[in-house]
Amino acid sequence: MASAMRLAERGLFTTTPNPRVGCVIVRDGVVVGEGWHVRAGEPHAEVHALRAAGARANGATAYVTLEPCSHHGRTPPCANALIDAGVARVVAAMRDPNPQVAGQGLELLTLAGINVQTGLLEAEARELNIGFISRMTRGRPWLRLKTASSLDGKTALLNGESKWITGAAARADVQRWRARACVILTGSGTVLADDPQMNVREVLANDAESPRQPMKVIVDSRLSTPPSAKILHGGAFIACAEADYLRRTALEAAGAQILEIPDAHGRVDLAELLQEFGRQGINEVHVEAGATLNGALLNAGLVDEWISYLAPVAMGHAARGLFNEPELTDMAKRHQFTLLDLVQVGVDVRLRLRPV
C-alpha cells in the first residue's frame with residue numbers, strides 16, 4: 001500500500017478534479033502490475049496496473065489507495081475491470097467519499113466473491129486527497145493559506161517593500177504548493193502593490209511534462225484591478241461585489257472573467273465563493289494575499305491549513321503584519337492552531353498548521 005501511495009503522489013499536480021490514486025497488484029508475493037491515475041479523462045490507476053499484470057492478475061491481490069469506482073464517468077468502472085480480471089482480493093486504503101461511489105464499488109466487488117478489506121494506511125490516503133474529500137463532503141475545496149514573514153510576523157515594510165523576506169529555497173518550495181492547487185487566490189491589494197503573475201514558473205520533478213497552471217482568482221470588491229495587471233495574462237477570474245459596467249468591460253477585454261458574489265455588507269461573499277469553486281470541481285485553493293484578505297478568511301473560519309514560512313530576520317513594529325483583524329479583548333477568542341510539521345527550507349523555516 002505504501003508503494004501505491006507513492007504511485008498516487010505522481011499525480012499530485014495533474015489529476016484534478018479527480019482524486020490521486022495508485023494501485024499495486026501482487027501475486028504470490030511478487031508485484032505483477034503497477035499503475036497510477038495521471039489526469040482526468042485518462043485510464044484510472046487500476047486499469048494501468050491490470051494492463052501491466054495481464055493474465056497474472058487472476059487470483060492476485062490489488063492494493064489501491066481509494067475504493068475502485070463503480071460508475072461510468074469518462075472511463076468505465078474500475079470495480080468491473082478488477083472483477084473481469086479475476087482478482088481474488090482487493091485492499092482499499094479508504095472508501096470513496098464521492099456519493100456516486102460511496103461504498104458501491106466495494107459492494108460490487110464483494111458480491112462478485114472478491115475478498116475486500118479497507119482502512120490500511122487510511123490516514124495517509126486521506127491526506128493525499130484532502131481537497132477531493134473536502135469537496136465531496138463539504139461542497140467546497142480545501143483552502144490552504146501561505147504566508148512569508150519575518151520572525152516578528154511582518155510581511156512588508158511600511159512603504160510596501162517586501163522582496164525578498166524569505167530565501168530562494170523557500171520561494172521554490174512555494175511553487176510546489178501552487179502547482180498542486182486548482183486555484184491560486186489573491187486580493188486586489190496584492191495585485192495593486194506587487195503586480196504578481198501568480199503562476200507556476202518552475203518545472204517540477206514529479207510532473208509529467210510541464211506544470212499545469214492553476215486558475216487565478218482575484219478577490220476585488222470594486223473591480224480596482226487594472227486591465228494591465230500581469231495576473232490577467234493567460235486569463236483570470238475576478239470575484240467582486242459590484243460590477244461597474246465600464247470597469248467590467250475593460251477587464252473582460254483584458255482576459256478577465258467577472259464573478260459577482262456580494263454579501264450583505266457590500267463585500268465579496270467568501271464562503272459563497274468557495275461553494276462556487278466546489279461546484280466547478282475545484283479541490284484545493286492556494287491563497288497568497290495580504291493582511292486584508294488573510295484576515296477576512298481567518299475570521300470567516302475558511303482557512304483549513306496554514307503554510308507559514310519564517311525568515312530569520314526582524315522587521316520592527318512599524319512593518320506590515322499578517323492579518324487585519326478586530327482587536328481581541330479576550331484570550332479565549334484567539335485563533336489556535338495545531339502544528340503538523342516544521343522543516344528547515346534553505347535558510348528559512350516552514351511551519352504547517354491547521355486550526356484547532
Side-chain angles (χ1 to χ4, degrees), residues 143-175 177-178 181 184-199 216-226 229-231 236 238-241 265-268 270 273 285-329 331 333-337 339 342 345-353 355:
L143 188 141
R144 187 176 287 114
L145 176 69
K146 168 261 171 181
T147 62
S149 68
S150 61
L151 288 177
D152 52 349
K154 304 300 181 179
T155 62
L157 299 178
L158 187 60
N159 63 10
E161 184 180 349
S162 61
K163 294 183 178 180
W164 295 103
I165 295 174
T166 54
R171 297 196 298 275
D173 191 60
V174 170
Q175 296 293 320
W177 293 104
R178 284 186 181 182
I184 297 176
L185 183 69
T186 192
S188 57
T190 298
V191 173
L192 292 170
D194 300 332
D195 195 19
Q197 296 181 64
M198 290 294 180
N199 56 7
K216 297 173 288 186
V217 180
I218 308 162
V219 175
D220 184 359
S221 293
R222 298 289 176 265
L223 293 185
S224 58
T225 299
K230 292 177 183 176
I231 195 171
I238 302 178
C240 69
H265 307 287
R267 296 185 290 265
V268 173
L270 297 173
L273 177 61
V285 174
H286 174 90
V287 180
E288 292 190 32
T292 299
L293 182 54
N294 288 350
L297 290 166
L298 186 64
N299 284 309
L302 299 174
V303 175
D304 296 310
E305 188 170 334
W306 181 11
I307 307 293
S308 172
Y309 295 88
L310 295 178
V313 299
M315 295 168 61
H317 76 279
R320 300 181 182 183
L322 288 165
F323 301 98
N324 283 351
E325 298 186 86
E327 180 184 355
L328 293 180
T329 57
M331 284 291 283
K333 295 181 180 179
R334 69 192 187 276
H335 300 284
Q336 299 185 63
F337 294 85
L339 179 64
L342 185 155
V345 183
V347 298
D348 307 304
V349 171
R350 187 192 73 204
L351 290 79
R352 195 160 63 94
L353 311 108

Legend entry - Residue pairs, two or more places apart or on separate chains, that pass salt bridge (charged side-chain N to carboxylate O under 4.0 Å, His left out) and touch residues 294-317: R138-D304, R140-D304, R144-E305, E305-R352, E305-R354
Legend entry - salt bridge (charged side-chain N to carboxylate O under 4.0 Å, His left out) contacts touching residues 319-329 (sequence neighbours left out):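 Every candidate salt bridge (charged side-chain N to carboxylate O under 4.0 Å, His left out) pair involving residues 319-329 fails, so no pair, neighbours aside, qualifies.
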Inset, instruction - Under the side-chain contact (heavy atoms from CB on, under 4.5 Å) rule, what do H335 and V303 come out as? Steps first, then yes or no, please. - result: CA-CA 11 Å; H335 300 284; V303 175; over 6 Å; no
According to side-chain hydrogen bond (donor to acceptor under 3.5 Å, both in side chains), who are the partners of [X], at least two apart in sequence or on a separate chain?
| X | value |
| --- | --- |
| T225 | D220 |
| N324 | T292 |
| N294 | none |
| S221 | none |

Could you list the residues that satisfy side chain to side chain contact (heavy atoms under 4.5 Å, CB included) with [X], not counting sequence neighbours?
| X | value |
| --- | --- |
| H265 | D263, R267 |
| K216 | M198, I231, A236 |
| D348 | T166, A170, A311, P312 |
| S308 | T147, W306, L310, L351, L353 |

Indicate the atoms forming the closest heavy-atom contact of [X] with [Y], along with that distance.
| X | Y | answer |
| --- | --- | --- |
| S150 | I165 | N-CG2, 3.9 Å |
| G321 | A291 | O-CB, 3.6 Å |
| P326 | N299 | CD-ND2, 3.8 Å |
| A229 | V191 | CB-CG1, 3.9 Å |
| N199 | R178 | O-NH1, 2.7 Å |

Interatomic distance, [X] atom [atom1] to [Y] atom [atom2] [nearest 0.5 angstrom]:
| X | Y | atom1 | atom2 | result |
| --- | --- | --- | --- | --- |
| E288 | I307 | CD | CD1 | 11.0 Å |
| L185 | L270 | CG | CG | 8.0 Å |
| I184 | I218 | CD1 | CD1 | 11.5 Å |

Inset, instruction - Report yes or no: does T190 contribute a side-chain atom to a donor-acceptor pair with the main-chain N or O of G290 at less than 3.5 Å? - result: yes
Inset, instruction - Check whether any side-chain heavy atom of R171 lies under 4.5 Å from a side-chain heavy atom of Y309, and answer yes or no. - result: no
Inset, instruction - Determine whether T186 and L293 make a side-chain contact, defined as any pair of heavy atoms from C-beta on separated by less than 4.5 Å. - result: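 No; the side chains remain at least 4.5 Å from each other.
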Legend entry - All pairs passing ring pair (Phe, Tyr, Trp, His ring centres under 6.0 Å) where residues 149-173 contributes a residue, at least two apart: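 Pairs touching residues 149-173 that pass the test: none.
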Legend entry - Positive for side chain to side chain contact (heavy atoms under 4.5 Å, CB included) with V285, one of L143, L145, L273: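 Of the listed residues L143, L145, L273, the side chain to side chain contact (heavy atoms under 4.5 Å, CB included) partner of V285 is L143.
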